[in-house]
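Here the structure comes first, spelled out in structure tokens, and everything after it is commentary.
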Amino acid sequence: MSVSTFADALRAATAQLAMHDSARLDAELLLAHILGQPRSHLHAWPERTLTEEQAQAFVALIARRAAGEPVAHILGHREFWSLDLEVTPDTLIPRPETELLVELALARILADAAWDIVDLGTGSGAI
């Protein structure tokens with residue numbers, strides 16, 4: 001993939017990842033990772049250009065995602081309830097549905113409850 005700007009790189013990567021429901025988000029997360037910037041940087045500066053090294057690294061990450069590797073495993077982390085959790089292929093990736101489960105559980109637990117709740121066997125310990 002020959003790219004020159006952030007916008008061009010994202011367009012090409014999104015097309016390559018079209019088989020994934022989250023193609024654009026995946027491409028943005030991976031490019032932001034390569035650049036060491038937040039996703040907002042990509043939107044603020046779409047005309048900025050990638051170095052050859054950045055472009056090659058981005059192409060490699062997009063290929064991994066296109067092959068089915070989860071973004072969280074590629075990046076090595078995933079946010080869960082504002083916590084940046086380390087994930088590996090040996091851990092389960094925290095999912096949005098799990099955040100909803102936690103919200104529903106917290107809504108049912110009284111503020112002064114003396115419960116001990118343990119997250120066992122889920123991989124990342126996110127719950």
Side-chain angles (χ1 to χ4, degrees):
M1 169 177 21
S2 174
V3 295
S4 57
T5 66
F6 296 172
D8 291 340
L10 289 172
R11 253 189 308 279
T14 299
Q16 188 176 347
L17 298 176
M19 76 289 286
H20 298 284
D21 291 338
S22 57
R24 177 66 184 209
L25 175 61
D26 294 353
E28 288 180 5
L29 289 169
L30 295 172
L31 183 55
H33 175 74
I34 291 295
L35 298 173
Q37 298 289 338
R39 285 178 47 221
S40 59
H41 184 81
L42 306 175
H43 298 282
W45 308 102
E47 74 286 352
R48 291 223 173 138
T49 58
L50 294 162
T51 66
E52 185 60 34
E53 181 179 283
Q54 290 168 333
Q56 288 176 3
F58 185 55
V59 166
L61 295 187
I62 292 299
R64 289 172 62 187
R65 179 65 186 124
E69 187 173 351
V71 172
H73 287 170
I74 296 170
L75 299 179
H77 64 93
R78 173 74 174 250
E79 182 184 348
F80 182 85
W81 269 60
S82 301
L83 299 172
D84 192 29
L85 301 175
E86 183 178 335
V87 294
T88 71
D90 297 325
T91 59
L92 297 175
I93 300 169
R95 300 180 50 84
E97 296 86 353
T98 308
E99 288 189 351
L100 175 60
L101 176 68
V102 171
E103 287 178 31
L104 294 172
L106 289 174
R108 289 172 170 71
I109 298 172
L110 299 174
D112 61 351
W115 292 7
D116 291 323
I117 300 173
V118 180
D119 173 18
L120 293 175
T122 62
S124 65
I127 300 175

Roughly how far apart are [X] [atom1] and [Y] [atom2], rounded to 0.5 Å?
{"X": "F58", "Y": "L31", "atom1": "CZ", "atom2": "CG", "value": "4.5 Å"}
{"X": "L106", "Y": "W81", "atom1": "CG", "atom2": "CH2", "value": "4.5 Å"}
{"X": "L30", "Y": "R39", "atom1": "CG", "atom2": "CZ", "value": "11.0 Å"}
{"X": "E53", "Y": "I34", "atom1": "CD", "atom2": "CD1", "value": "9.0 Å"}
{"X": "L29", "Y": "R78", "atom1": "CG", "atom2": "CZ", "value": "8.5 Å"}
{"X": "R65", "Y": "I74", "atom1": "CZ", "atom2": "CD1", "value": "6.5 Å"}

Is there a side chain to side chain contact (heavy atoms under 4.5 Å, CB included) between L85 and E79? Walk through the geometry before answering. CA-CA 6 Å; L85 301 175; E79 182 184 348; over 6 Å; no

Is [Y] close to [X] at the side-chain level, that is, under 4.5 Å between some pair of heavy atoms?
{"X": "R11", "Y": "D8", "answer": "yes"}
{"X": "T5", "Y": "P46", "answer": "no"}
{"X": "W115", "Y": "L110", "answer": "no"}
{"X": "L92", "Y": "V87", "answer": "no"}
{"X": "R48", "Y": "H41", "answer": "yes"}
{"X": "F6", "Y": "H43", "answer": "no"}
{"X": "H20", "Y": "D26", "answer": "yes"}

Any Lys/Arg nitrogen of E28 or R24 sitting under 4.0 Å from an Asp/Glu carboxylate oxygen of the other?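 Yes.
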
Of all the heavy-atom pairs spanning [X] and [Y], show the shortest one and how long it is.
{"X": "I62", "Y": "A27", "value": "CD1-CA, 4.2 Å"}
{"X": "A32", "Y": "L42", "value": "N-CD1, 4.1 Å"}
{"X": "E69", "Y": "R64", "value": "OE2-NH2, 2.7 Å"}
{"X": "L50", "Y": "A9", "value": "CD1-CB, 3.6 Å"}

Within the side chain of T91, is there an N or O that forms a donor-acceptor pair under 3.5 Å with the backbone of T88?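 Side chain of T91 to backbone of T88, a donor-acceptor pair under 3.5 Å: yes, one is there.
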
Taking S22 for the side chain and L25 for the main chain, is one N or O donor matched with an acceptor at less than 3.5 Å?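 No.
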
Tell me whether [X] at atom [atom1] has more than 12 heavy atoms from other residues, nucleotides or ligands lying less than 6.0 Å away.
{"X": "E97", "atom1": "CD", "result": "yes"}
{"X": "D21", "atom1": "CG", "result": "no"}
{"X": "W45", "atom1": "CH2", "result": "no"}

